[in-house]
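We name chains A, B, ... by the order of the sequence lines, and we start the count at 1 in each one.
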Amino acid sequence: MSVRVRFAPSPTGHVHIGNIRAAIFNWLFARHHAGRFLLRIEDTDRERSTPEAVQAILDAMAWLGIQYDETPLYQSTQHPRHMEAAESLLRNGHAYKEDKGGTGQGECILFRMPGTDMAFHDEIKGDLSKKAADMKDFVIVRSDGSPVFHLANVVDDITQGITHIIRGDDHVENTFRHVALYQALGAPVPRYAHLPMIVNAQGKPYSKRDGAAYVGQFREMGYSAEALFNYLTLLGWSPGDDREKMTREEIISAFTLDRVKSAPAQMDLRKLTHMNGLYLAELPLSEFASGVRRSLSRLDWGQNLDEALFLNVCRLMQSRTPLFSQSETWKYFFIDPPEYDEKAVQKNLKKEGARTALETIQRHLSPSDFSDSSIHAAIRKAEAEMGVGEGKLNQALRVAVTGSSIGAGIYETMAVLGAPRSLTRLKYAIEQLTS
RNA sequence: GCGCCCAUCGUCUAUCGGUCAGGACAUUAGGUUUUCAUCCUAGUAAGCCGGGUUCGACUCCCGGUGGGCGCGCCA
């Protein structure tokens, strides 16, 4: 039988990283087995479900390249089927009506657990079982006539012909109920696989309070979809060898449920960031540029930048940019005069000999020949004239021209900046910032 | 409280009874470079505890401890 899996989020807010990881694992499983990956929007909670949240789910999936097969199923359209199932359970004695009282809400429908011990095989956790005494009957239809999650979820999975249910660890206990429902409904029980949770440094479920927790946030922070996808894949799973940075095809072909761990995994933003840097570095310039543009567009100085200059800056900075959002430190390339970092100025410019050094450099620099190699040569001459070692003048020059003590090679930086701007800044620094 | 699950460097992980317990991130020290980053080299760093089983346990079993999840007319 061919594999059919699904991602069944409820559209009640942003897309949590743990949820999207479940989607990724389902998708990987489907692709590995040449099966189908379906999307079901569990929008029965009318109070909390919103169209915006549905869109957020669609956006997150599209961004990460998790394509679903077939038309998405909206759970709210399945109400008749849910009720039909409840009626049939009522008829054959697997369910009964009762007024649980207390709040005077009237009668609801409860599912009658079989009263026997239960067991199922989890593809990740192995054989799991539970004693009859530890399982209670549960509500499947509220007194207001609406179906509860357990019923709707199982009925929809039957409707969609789901063969494998891959979901978060927090659903393990529900599985006994769901298996009983399948059996009472006379449907074949699917295979189950429960993914370990993603936790924070305290071992608690990873939440928005631990930094970024939603897919949209990672995107805003400048992570690339491929890097996030790859990293998430490594949380609770590994290919079995030392590979980490892998292409999608490699992951698909290596992905099996028996290699998924059952212990919770802690999110490590530093490792994600490192991996992101590897991905950004190998992006075609145009793609890197568009990621940066997206990030910069939020800044007051980041819009309508000179295209040729922008591309040159991207080319220069790409290999040292671990996050798109780090481009916010590139302001000095575009805005004159640059913002001078006080500490850098104190350390490199306000010192004995700085003025003379910069003046010497100024004399050797030729506005008509401003390639990085000729700038390089000019600096070497200045150093020779002053009797200092190679590279000794670089930092002072860097601070004078960019205002910052960090950046790409200063010769390349100046070449990108161009002679007029570089020389103007140098002149300004000599006159105003040295002492 | 009851039930279920989990446990290898700080973190993510490899190991499916015999390994100097490997890799990656982070970290430390060098090197390259012009600062930062990249890159290269090297280093520090792990089997929760206690019992068994076995010629031999990180690996299998039991107990303990710790942690997580569940116990809704939420999903």
Rounded [atom1] spacing from [N] to [M] in Å:
N: B/A46; M: B/A21; atom1: P; value: 12 Å
N: B/U8; M: B/G3; atom1: P; value: 25 Å
N: B/C4; M: B/C62; atom1: P; value: 13 Å
N: B/A26; M: B/C39; atom1: P; value: 9 Å
N: B/G23; M: B/G43; atom1: P; value: 10 Å
N: B/C58; M: B/G18; atom1: P; value: 10 Å
N: B/C73; M: B/U65; atom1: P; value: 32 Å
N: B/U59; M: B/U38; atom1: C1'; value: 39 Å

[X] side-chain N/O to [N] phosphate OP1/OP2 under 4.0 Å:
X: A/R142; N: B/A75; result: yes
X: A/K131; N: B/C2; result: no
X: A/K271; N: B/C12; result: no
X: A/S405; N: B/U35; result: no

Using Watson-Crick or G-U wobble geometry with both distances below 3.5 Å, tell me the partner of [N], or none.
N: B/C48; value: B/G64
N: B/U59; value: none
N: B/A42; value: B/U28
N: B/G70; value: B/C2
N: B/C16; value: none
N: B/C9; value: none

Worksheet item: With the threshold set at 4.0 Å, does a side-chain nitrogen-carboxylate oxygen contact exist between A/K392 and A/E383?
Response: no

Practice prompt. Would you mind telling me which residue lines up with the more 5' stretch of RNA chain B, A/K261 or A/A8, judged by nearest nucleotide?
Written response: A/K261

Discussion item. Go nucleotide by nucleotide along RNA chain B from the 5' end; which of A/Q202 and A/K130 gets its closest nucleotide reached first?
Written reply: A/K130

Need one value for [X]: base, sugar-phosphate or nothing, where a base atom within 4.0 Å counts as base even if backbone is also close, heavy atoms only.
X: A/Q266; result: sugar-phosphate
X: A/G407; result: base
X: A/N174; result: base
X: A/G168; result: nothing
X: A/P205; result: sugar-phosphate
X: A/I410; result: base
X: A/Y231; result: nothing
X: A/G236; result: sugar-phosphate
X: A/I109; result: nothing
X: A/R167; result: nothing
X: A/K136; result: sugar-phosphate
X: A/E412; result: base
X: A/S143; result: base
X: A/H194; result: nothing

Of the candidate nucleotides [options], which contains the atom at the shortest distance from the side chain of [X]?
X: A/K204; options: B/G68, B/C36, B/A7; answer: B/G68
X: A/S262; options: B/C6, B/C12, B/C39; answer: B/C6
X: A/D170; options: B/C6, B/G23, B/C69; answer: B/C69
X: A/V172; options: B/C4, B/U15, B/C69; answer: B/C4
X: A/D134; options: B/U13, B/G22, B/C2; answer: B/C2
X: A/D268; options: B/U35, B/C71, B/U11; answer: B/U11
X: A/R48; options: B/A37, B/G23, B/A75; answer: B/A75
X: A/D99; options: B/U35, B/U13, B/C73; answer: B/C73
X: A/N394; options: B/U34, B/C69, B/C73; answer: B/U34
X: A/S238; options: B/U34, B/A14, B/A75; answer: B/A14

Interatomic distance where [atom1] belongs to [X] and [atom2] belongs to [N] [whole Å]:
X: A/H171; N: B/C5; atom1: NE2; atom2: C1'; value: 16 Å
X: A/R259; N: B/C12; atom1: CZ; atom2: P; value: 17 Å
X: A/Y411; N: B/U35; atom1: OH; atom2: C1'; value: 11 Å
X: A/L110; N: B/C73; atom1: CG; atom2: P; value: 8 Å
X: A/L397; N: B/U33; atom1: CG; atom2: P; value: 19 Å

Discussion item. Please report whether the ring centroid of A/F120 lies less than 6.0 Å from that of A/Y192.
Written reply: yes

Give a yes-or-no answer on whether the side chains of [X] and [Y] include a donor-acceptor pair shorter than 3.5 Å.
X: A/T175; Y: A/R167; value: yes
X: A/Y96; Y: A/D137; value: yes
X: A/D156; Y: A/Q160; value: no
X: A/E42; Y: A/N153; value: yes
X: A/H171; Y: A/N174; value: yes
X: A/H274; Y: A/R270; value: no
X: A/T12; Y: A/S10; value: no

Discussion item. On the side chain of A/R398, is there an atom forming a donor-acceptor pair with the base of B/U34 - under 3.5 Å, no angle test?
Written reply: yes

Item to complete: Over all heavy atoms of both residues, which pair between A/P11 and A/V54 is shortest? Give the atoms and the distance, please.
Response: CB-CG2, 3.5 Å

